[in-house]
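Here is the structure we will look at, set down as structure tokens.
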Amino acid sequence: MVAADLDGPYEPGVRRADLGLQVHWCVLPFRVLLVLTSHRGIQMYESNGYTMVYWHALDSGDASPVQAVFARGIAASGHFICVGTWSGRVLVFDIPAKGPNIVLSEELAGHQMPITDIATEPAQGQDCVADMVTADDSGLLCVWRSGPEFTLLTRIPGFGVPCPSVQLWQGIIAAGYGNGQVHLYEATTGNLHVQINAHARAICALDLASEVGKLLSAGEDTFVHIWKLSRSPESGYIEAAPLL
């Protein structure tokens, strides 16, 4: 059992997830860490769940007294753990093979709105490959190449609708939006290939079975749908077939 830091005023009608409380297992090449985020900071634990190895307090900076301060969106990329924040910055932590000597190595500044989600996939040694995508409350997506220094490859503009969840699979970005749509983009170019009217209300979450290319979407309309992702062998175009 992990005791998350939930100190602070309770706000009726506001879900803890909206304030940034998230928990995520980060599987690194040499260790597994349990990462928690909240409006107070970022906690990292060993895989046993009770040995804390790192704490990062959030700096409210220039935030107004009525502006919520939180961390939201967690993903592992190589030996880095990336965490999104209320300010739109993404914090990149360099994780050692063992011990607590975790370092904040970089802050990515591609967004101006709060981060909603981060997705990654293994780069598999390819050059100039897009292996991380970040999303924010405006629907903007930023596509990155990870490494000793993260590189912003492209921006996919938003359209005034939040993007609560993103997934990345074989160079395909799946983005779920507040209007119930799922968009499939080419990660390297940002080109839109598929637009699906998946739900009658906002999408809450996307999940992906990477071994078989099946995408699951859950919406505030209480429905869950499953889609089979693929590429046309002739054109390389992205396709999505409904399964449920």
Side-chain angles (χ1 to χ4, degrees), residues 17-18 20 22-27 35 37 70-77 80-86 88-92 108 110-123 129-146 150-199 201-210 213-220 224-229 238 240:
D18 295 332
Q22 291 185 329
V23 182
H24 186 71
W25 289 106
C26 289
V27 180
V35 181
T37 66
F70 55 86
R72 183 173 60 190
I74 310 166
S77 180
F80 299 101
I81 290 178
C82 302
V83 182
T85 66
W86 61 274
R89 290 186 175 270
V90 177
L91 309 181
V92 180
L108 308 181
H111 296 269
Q112 301 297 320
M113 298 291 287
I115 301 298
T116 53
D117 199 16
I118 304 175
T120 60
E121 69 171 345
V129 69
D131 58 2
M132 186 173 86
V133 58
T134 53
D136 71 21
D137 270 342
S138 73
L140 172 69
L141 306 180
C142 289
V143 184
W144 308 84
R145 182 178 71 245
S146 66
F150 281 60
T151 303
L152 178 61
L153 299 179
T154 188
R155 284 186 175 91
I156 301 174
F159 45 94
V161 177
C163 179
S165 188
V166 288
Q167 292 290 329
L168 187 57
W169 179 74
Q170 296 187 4
I172 300 171
I173 297 171
Y177 290 95
N179 61 359
Q181 292 184 342
V182 174
H183 291 188
L184 301 180
Y185 301 95
E186 186 71 54
T188 54
T189 63
N191 291 337
L192 175 64
H193 283 225
V194 180
Q195 179 175 304
I196 306 168
N197 293 317
H199 293 269
R201 297 183 64 184
I203 288 178
C204 301
L206 300 177
D207 203 356
L208 184 67
S210 58
K214 291 183 179 179
L215 178 72
L216 180 146
S217 63
E220 291 184 357
V224 171
H225 298 297
I226 300 175
W227 318 86
K228 180 68 173 74
L229 306 184
I238 300 168

Query raised in the report: Given the rule in the side chain to side chain contact (heavy atoms under 4.5 Å, CB included) test, do His111 and Thr134 qualify, once you have shown the distances and angles that lead to the verdict?
Result: CA-CA 9 Å; His111 296 269; Thr134 53; 2.7 Å; yes

With the side chain counted from C-beta on, respond yes when [X] and [Y] share a heavy-atom pair under 4.5 Å apart, and no when they do not.
X: Ile203; Y: Val182; value: yes
X: Val143; Y: Leu152; value: no
X: Val92; Y: Val83; value: no
X: Ile172; Y: Tyr185; value: no
X: Arg155; Y: Leu140; value: yes
X: Leu91; Y: Thr85; value: yes
X: Phe70; Y: Pro114; value: yes
X: Val23; Y: Val35; value: no

Report task. Kindly indicate, with the supporting measurements, whether the criterion side chain to side chain contact (heavy atoms under 4.5 Å, CB included) is fulfilled by Ile115 and Val90. Result -> CA-CA 8 Å; Ile115 301 298; Val90 177; 4.0 Å; yes

Of all heavy-atom pairs between [X] and [Y], which one has the smallest distance, and what is that distance?
X: Ala75; Y: Ile118; answer: CB-CG2, 3.6 Å
X: Thr116; Y: Gln22; answer: O-NE2, 4.5 Å
X: Asn179; Y: Val161; answer: N-CG1, 3.4 Å
X: Met113; Y: Ser138; answer: CG-CB, 3.9 Å
X: Thr37; Y: Ala71; answer: OG1-O, 3.0 Å
X: Asp136; Y: Gln112; answer: OD2-N, 4.5 Å

Query raised in the report: Is it the case that Trp227 and Ser217 place a side-chain donor and acceptor less than 3.5 Å from each other?
Result: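 Distance-only check passes for Trp227 and Ser217.
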
Query - Between Asn191 and Glu186: side-chain donor-acceptor atoms closer than 3.5 Å - result: no

To the nearest 0.5 Å, how far apart are [atom1] in [X] and [atom2] in [Y]?
X: Lys228; Y: Leu215; atom1: NZ; atom2: CG; answer: 11.0 Å
X: Gln181; Y: Ile196; atom1: CD; atom2: CD1; answer: 9.5 Å
X: Leu229; Y: Gln167; atom1: CG; atom2: CD; answer: 10.0 Å

Looking at [Y], is its backbone amide N or carbonyl O close enough to the side chain of [X] to form a donor-acceptor pair, meaning the two atoms are under 3.5 Å apart?
X: Asp117; Y: Val166; result: yes
X: Arg89; Y: Leu108; result: no
X: Thr120; Y: Asp131; result: no
X: His193; Y: Ile238; result: yes
X: Ser165; Y: Ala205; result: no
X: Glu121; Y: Met132; result: no
X: Trp169; Y: Ser210; result: yes

Query raised in the report: Is a salt bridge present between Arg72 and Asp137, judged by a nitrogen-to-oxygen distance below 4.0 Å?
Result: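 Between Asp137 and Arg72 there is a salt bridge, with a charged N closer than 4.0 Å to a carboxylate O.
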
Query - Any residue meeting salt bridge (Lys or Arg N to Asp or Glu O under 4.0 Å) with Arg201, in chain and number order, not counting sequence neighbours - result: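 Checked Arg201 against salt bridge (Lys or Arg N to Asp or Glu O under 4.0 Å); matches are Glu220.
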
Query raised in the report: What do the steps show when you test Tyr177 against His199 for ring pair (Phe, Tyr, Trp, His ring centres under 6.0 Å), and what is the final call?
Result: CA-CA 10 Å; Tyr177 290 95; His199 293 269; over 10 Å; no

Report task. Determine, stepwise, if the pair Val133 / Cys142 fulfils side chain to side chain contact (heavy atoms under 4.5 Å, CB included). Result -> CA-CA 6 Å; Val133 58; Cys142 289; over 6 Å; no

Query - Residue pair Thr151, Trp144: steps toward the side chain to side chain donor-acceptor pair (under 3.5 Å) verdict - result: CA-CA 5 Å; Thr151 303; Trp144 308 84; over 6 Å; no

Query raised in the report: After noting the C-alpha distance and the side-chain angles of Phe150 and Cys82, does the key distance pass the side chain to side chain contact (heavy atoms under 4.5 Å, CB included) rule?
Result: CA-CA 11 Å; Phe150 281 60; Cys82 302; 3.9 Å; yes

